[in-house]
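One structure is given here, and the rest of the page talks about it.
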Amino acid sequence: MTVELKVSKNNIKQSQITDGMKPQLRTVDLNLLTVFDAVMQEQNITRAAHSLGMSQPAVSNAVSRLKAMFNDELFVRYGRGIQPTARAYQLFGSIRQALQLVQNELPGSGFEPLSSERVFHLCVCSPLDNYLTSMIYNKVEEIAPNIQLVFKSSLNQNTEHQLRYQETEFVLGYEEFRRPEFSCISLFKDEMVLVVSKKHPRMNSPLREADVYSEQHAVVSLDRYASFSLPWYDTVDKQACVAYQGMAMVSVLNIVSQTQLVAIAPRWLAEEFSEQLDLQILPLPLKLNSRTCYLSWHEAAGRDKGHQWMEELLIRVCHR
């Protein structure tokens, strides 16, 4: 009996030592996490203070306490703003998701689009931006006039990083994000066609693949990250037929209209400019003759009610 009691005391003592080594949540000022979230999003102390309704010194003090809590600089000066460290980026996803979970359970936490002044950052990839950007902008303007939309039209090597940390909240494009951490749904499938000038001396249906690649081509620059044209020029032989590389599909079509070059484009875009540019639209005799448009976002953002509202709106507006 005595031995058992002795062991029990030792266990209790060991447990106390172990517990003493762990940070206690009750000793942490959880308000600091909301400051961390705001500073991460704004990457500027003054703007973060404004968004939080706090003074700049109070936010600076909170950042100092955060640095001590996590034993890391978290933010370093960069130009007129600040730049998060690798540790700050590592923390951001988990903290943002935890704050969103709590926020969603608070009374009156519903998202009111009519009164919201939230800013959403969207990437609508070219050439889809010609079709979707105005539709999205006009619909949001109609039902939620105080919400601000910030658009860009191209992906880059940092896009996954930007989605992960919600610097970009949604991507609409032909690229599918395959990592498990991303949500990705198909909206519609676009037919691809071959576009030539109506004055072209050789191009008439029916065409074969050899006929297509025997011509000189105009493309969206193959050096651009996630270039729209790249899937059709995936070998050295196919790239050898490229005579012009432009920065956007509209400029490609303009060049095609004035030359004997040919281009691969979505049917809806070709039809939009066919009369204006005197273009001929031909069926594309290639295995890859359609592309799927996807709506993508990072799963960590999906619990936020404002994000859910925008997700539903994008699906409704863009689906066809």
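Linking ILVMFWY side-chain heavy atoms closer than 4.5 Å, directly or via other members, places Met247 and Tyr225 in two distinct hydrophobic clusters. Cluster membership for Tyr131 and Ile315, using ILVMFWY side-chain heavy atoms within less than 4.5 angstrom, is shared. No path of Ile, Leu, Val, Met, Phe, Trp and Tyr side chains, each step under 4.5 Å between heavy atoms, connects Leu155 with Met249, placing them in separate hydrophobic clusters. Leu277 and Val220 fall within the same hydrophobic cluster, where Ile, Leu, Val, Met, Phe, Trp and Tyr residues are linked whenever their side-chain heavy atoms come under 4.5 Å apart, directly or through other members. Note on Val171 and Tyr137: separate hydrophobic clusters, where clusters join Ile, Leu, Val, Met, Phe, Trp and Tyr whose side-chain heavy atoms are under 4.5 Å apart, directly or indirectly.
Applying the ring-ring contact (aromatic ring centres under 6.0 Å, His included) test to residues at least two apart or on different chains, none of the pairs has a partner in residues 189-209. For the side chain to side chain donor-acceptor pair (under 3.5 Å) condition, the pairs that include at least one residue of residues 54-72, sequence neighbours left out, are Asp29-Arg65, Thr46-Gln56, Asp72-Thr85. Listed by first and then second residue, the ring-ring contact (aromatic ring centres under 6.0 Å, His included) pairs that reach into residues 43-88 are Phe36-Phe75, sequence neighbours excluded. Applying the side chain to side chain donor-acceptor pair (under 3.5 Å) test to pairs two or more places apart or on separate chains, those with a residue in residues 263-273 are Asp190-Trp268, Glu191-Arg267, Arg267-Glu271.
Between Pro283 and Leu207, the shortest heavy-atom distance links the atoms O-CD1, 4.4 Å. The nearest pair of heavy atoms linking Ser153 to Cys123 is C-SG, 4.5 Å. Across every non-hydrogen atom of Ala144 and Trp309, the tightest pair is CB-CH2, 3.9 Å. Across all their heavy atoms, Leu52 and Thr34 have their closest contact at CD2-O, 4.0 Å. Ile143 and Leu114 make their closest contact through O-CD1, 3.8 Å (heavy atoms, listed as atom of the first residue, atom of the second, distance). Of all heavy-atom pairs spanning Val317 and Met135, the tightest one is O-CE, 3.2 Å.
For the pair Pro84/Met40, a side-chain contact is recorded, criterion being any heavy-atom separation below 4.5 Å from C-beta on. Between His161 and Glu167 the shortest side-chain heavy-atom distance falls below 4.5 Å. Contact check for Leu284 versus Leu282: no side-chain heavy atoms found under the 4.5 Å cut-off. Taking 4.5 Å as the limit, some side-chain heavy atom of Leu253 sits within range of a side-chain heavy atom of Leu269. Contact of the Cys293 side chain with the Lys189 side chain is not registered, since no non-hydrogen atoms from C-beta on lie closer than 4.5 Å. Residues Leu314 and Leu187 form no side-chain contact, since every pair of their non-hydrogen atoms from C-beta on lies 4.5 Å or further apart. Counting heavy atoms from C-beta outward, Glu181 and Leu163 have side chains that stay 4.5 Å or more apart. In this structure, Val262 and Met203 have side chains that are in contact, with non-hydrogen atoms separated by less than 4.5 Å.
With Thr133 contributing its side chain and Asn130 its backbone, the two residues share no donor-acceptor pair below 3.5 Å. For Gln216 (side chain) and Val242 (main-chain N/O), no donor-acceptor pair under 3.5 Å exists by modelled atom type. Here the side chain of Asp211 pairs a donor or acceptor atom with the backbone of Arg208 at under 3.5 angstrom. In this structure a side-chain-to-backbone donor-acceptor pair under 3.5 Å is present from Trp232 to Leu288. Gln43 places no side-chain N or O within donor-acceptor distance of the main-chain N or O of Val39, the cut-off being under 3.5 Å. Without hydrogens or angle criteria, Thr235 side chain to Lys238 main chain gives a donor-acceptor distance under 3.5 Å. Not one N or O on the side chain of Ser183 forms a donor-acceptor pair closer than 3.5 Å with the backbone of Glu299. Put simply, the side chain of Arg47 gets close to the backbone of Glu42: a donor and an acceptor are under 3.5 Å apart. The main-chain N or O of Ser229 is found under 3.5 Å from a side-chain atom of Ser227 such that the two form a donor-acceptor pair. Side-chain N or O atoms of Thr259 include one that pairs as donor or acceptor with a backbone N or O of Leu261 at under 3.5 Å.
Partners of Glu175 under the salt bridge (Lys or Arg N to Asp or Glu O under 4.0 Å) rule, at least two apart in sequence or in another chain, are Arg291.
Side-chain atoms of Gln41 and Asp37 form a donor-acceptor pair, as typed in the model, at a separation below 3.5 Å. For the 3.5 Å distance criterion, the side chains of Tyr233 and His217 qualify, holding a donor opposite an acceptor.
The aromatic rings of Phe182 and Phe177 sit tilted, their planes meeting at an angle between 30° and 60°. A tilted orientation is assigned to the rings of Tyr174 and Phe228, their planes being inclined by 30° to 60°.
Environment of NE2 in His319: sparse, with no more than 12 heavy atoms of neighbouring residues, nucleotides or ligands closer than 6.0 Å. The environment of Lys198 atom NZ is dense: over 12 non-hydrogen atoms of other residues, nucleotides or ligands sit within 6.0 angstrom. Other residues, nucleotides and ligands place no more than 12 heavy atoms under 6.0 Å from the CZ atom of Arg179.
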**Item:** Working for side-chain contact (heavy atoms from CB on, under 4.5 Å), residues Cys184 and Leu295
**Value:** CA-CA 6 Å; Cys184 191; Leu295 172 65; over 6 Å; no
**Asked** Between Ile45 and Val63, is a side-chain contact (heavy atoms from CB on, under 4.5 Å) present by the stated rule, with each step listed?
**Response** CA-CA 9 Å; Ile45 296 293; Val63 169; 3.9 Å; yes
**Request:** Take Phe273 and Val250 through the test side-chain contact (heavy atoms from CB on, under 4.5 Å) and record every step on the way to the result.
**Result:** CA-CA 9 Å; Phe273 288 94; Val250 173; 4.1 Å; yes
**Prompt:** Under the side-chain contact (heavy atoms from CB on, under 4.5 Å) criterion, do Val193 and Ile264 qualify, and how do the steps go?
**Reply:** CA-CA 6 Å; Val193 294; Ile264 298 170; over 6 Å; no
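To the nearest 0.5 angstrom, Ser257 atom OG is 5.5 Å from Leu279 atom CG. Distance OG1/Thr292 to CZ/Phe188: 9.5 Å, rounded to 0.5 Å. Once rounded to the nearest 0.5 Å, the distance linking OH of Tyr294 with CG of Leu128 reads 12.5 Å. Within the model, atoms CG of Leu33 and CD1 of Ile95 stand 5.0 Å from one another, a figure rounded to the nearest 0.5 Å. Atoms CD and CG, on Glu311 and Asp304 in that order, are 11.0 Å from each other to the nearest 0.5 Å. Expressed to the nearest 0.5 Å, how far CD1 of Ile185 lies from OG of Ser296 amounts to 8.5 Å.
Applying side chain to side chain donor-acceptor pair (under 3.5 Å) to Gln162 and the options Lys152, His121, His298 leaves one that passes, Lys152.
Centroid-to-centroid, the aromatic rings of His307 and Phe170 come within less than 6.0 Å.
For Glu169 and Arg118, the salt-bridge test passes: some basic side-chain N is under 4.0 Å from an acidic carboxylate O.
Applying the 4.5 Å side-chain rule to ILVMFWY residues, one finds Val119 in the same cluster as Val150.
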